[in-house]
There are 2 protein chains.
Amino acid sequence: MVSKLDKKKQRGENTRKALIKSTIDCLDRLGYAETSINRVLEGVDVSRGALMHHFPSKEDLVIGTVDFLLSRILRHYQQESPNSFPFAQVTHSGNGTLADALVTYWKNIIDTPEGRAFSEIIMATRTDKALSLRISPKLEDWNEQLNQFFLPPGLDEEAVEDVTLTLLIWRSFIRGMIFQQEFHSDPDYIEKIIRKFAMIMEPHLKLAQTQSDT
Amino acid sequence: MVSKLDKKKQRGENTRKALIKSTIDCLDRLGYAETSINRVLEGVDVSRGALMHHFPSKEDLVIGTVDFLLSRILRHYQQESPNSFPFAQVTHSGNGTLADALVTYWKNIIDTPEGRAFSEIIMATRTDKALSLRISPKLEDWNEQLNQFFLPPGLDEEAVEDVTLTLLIWRSFIRGMIFQQEFHSDPDYIEKIIRKFAMIMEPHLKLAQTQSDT
DNA sequence: TCTTTTACATACCAAACGTACGGTATATAC
DNA sequence: GTATATACCGTACGTTTGGTATGTAAAAGA
């Protein structure tokens, strides 16, 4: 009884996932402007009707994709993964340099199909008011949850503000690197920039940790 | 004799400028995905035929807009403007804080219709190969020219590399702030982040200057 | 068993897209 | 005066867009 129900729900879930995967692929390869429903369908064996069944509008498809991308990153932080999380590595484990961790984070999270697709959506959200209205609350929540990973308990208000700002600087820089890639396509040079940034930021991360220790 | 020819060429030049201005406005308000030829024409009193005469394809219109935007920023740097150029202010004049200059730069150059339109095009260039082929060389040239403003003569090779990397970090951060705005719409908070970044970067700019003085 | 719900498929729609093209007016060159 | 180039106009074309309407097969619930 249950297995047949599960089988059907599972089928629907698989279709949803396939559509979202194809959407991510399109956003990464073609950009937001050229990502159409037809193009998404080309990359997967799903009918137009099936897509409209799961995502009644194109906007719903984008929202579904955002939900997937946001929870993906959160999941990534929740289950340890000390190698791709720069701050955690420095403040918790202590082995390896911050620069290494930053480069790994860039390669594993930001400069990936999912990371680039996310950037495309964020960029589109800037001018798409309907999208912004639905996505902005999600982003605020997500931002809040992410920050919790970096805020050791017992910090005073000022220290929390300080760490939060430092985190935002880090995120702004690393997202901006997606733009910068257009000027410097050489991955080695990109890595060099990231390493220098890590070097400059390092003392300010250490400071945040020291404050929480006292 | 000359006046009549000039008058005609002037008229054409005015039409071109009006079309580019309208394109910038559309990119800023609607984003790259929703910027169509029809939409550009809506914002200006020019016929469809006139647009096709000056810009034979949509791609040509974008290229024309990029040319305008790039030369605009270069012009901005060439003619003094010490208030909006953070590095110049610190290394040349010395009055006012770096943070103030950075905030001014953000407000006057990046967070403007022209700055946002530029970001939209750069983002689109990532996935549009035809556009990338025509724009990338322009960007490399432009980048090179911009760097010249920040490189005092007599620097050794290592110092040049150091300053160049620092410049790229700065640019990556400030462009990334366009993304970050989607998370924090409050301008005062944006300013706070920029000021903290300036504080962190300040010693590293001073270092570059000291090296060139010795 | 009969009804409802879920998952998917096919066919179609009006609107908008970028582009092509024939035509007019005027200014310069010879 | 004639040829040529520039600036501009307006319509029409074929394609693609996001979205809808209708139908079918099967599982779930009564």
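Within every chain, numbering begins at 1; the chains are lettered A, B, ... in the order of the sequence lines, protein sequences first and strands thereafter.
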Minimum side-chain heavy-atom gap B:F55-B:I20 below 4.5 Å | yes
Min side-chain heavy-atom separation A:K138-A:L70 under 4.5 Å | yes
A correct 5'-to-3' footprint of nucleotides 8-21 of chain C, with B, S and - meaning base, sugar-phosphate only and no protein heavy atom under 4.0 Å, is BBBB-----SBB--
Between B:K58 and B:Y32, is NZ or CZ placed under 6.0 angstrom from the six-membered ring centre and within 45° of the ring axis?
-> yes
Does a side chain donor of either B:D100 or B:T97 reach within less than 3.5 Å of an acceptor in the other side chain?
->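 Yes.
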When A:F197 is tested against each of A:F173, A:Y105, A:W106 for ring pair (Phe, Tyr, Trp, His ring centres under 6.0 Å), which residue passes?
-> A:F173
When you measure from every atom of DNA chain C, which of residues 127-136 of chain A have a heavy atom less than 4.0 Å away?
-> none
Would you please name every residue forming a side chain to side chain contact (heavy atoms under 4.5 Å, CB included) with A:R134, sequence neighbours left out?
-> A:E59, A:D60, A:I63
Pair B:D188 + B:K192: basic N to acidic O under 4.0 Å |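 No, no charged N to carboxylate O under 4.0 Å.
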Proximity of B:F179 and A:F179 rings by center, below 6.0 Å = yes
Measure the distance from CG on A:L61 to C1' on D:dT17 and round it to the nearest whole Å.
->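 Value for this atom pair: 15 Å.
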Specify the separation, in whole Å, of atom CG of A:L51 and atom P of D:dT20.
->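 To the nearest whole Å, that distance equals 13 Å.
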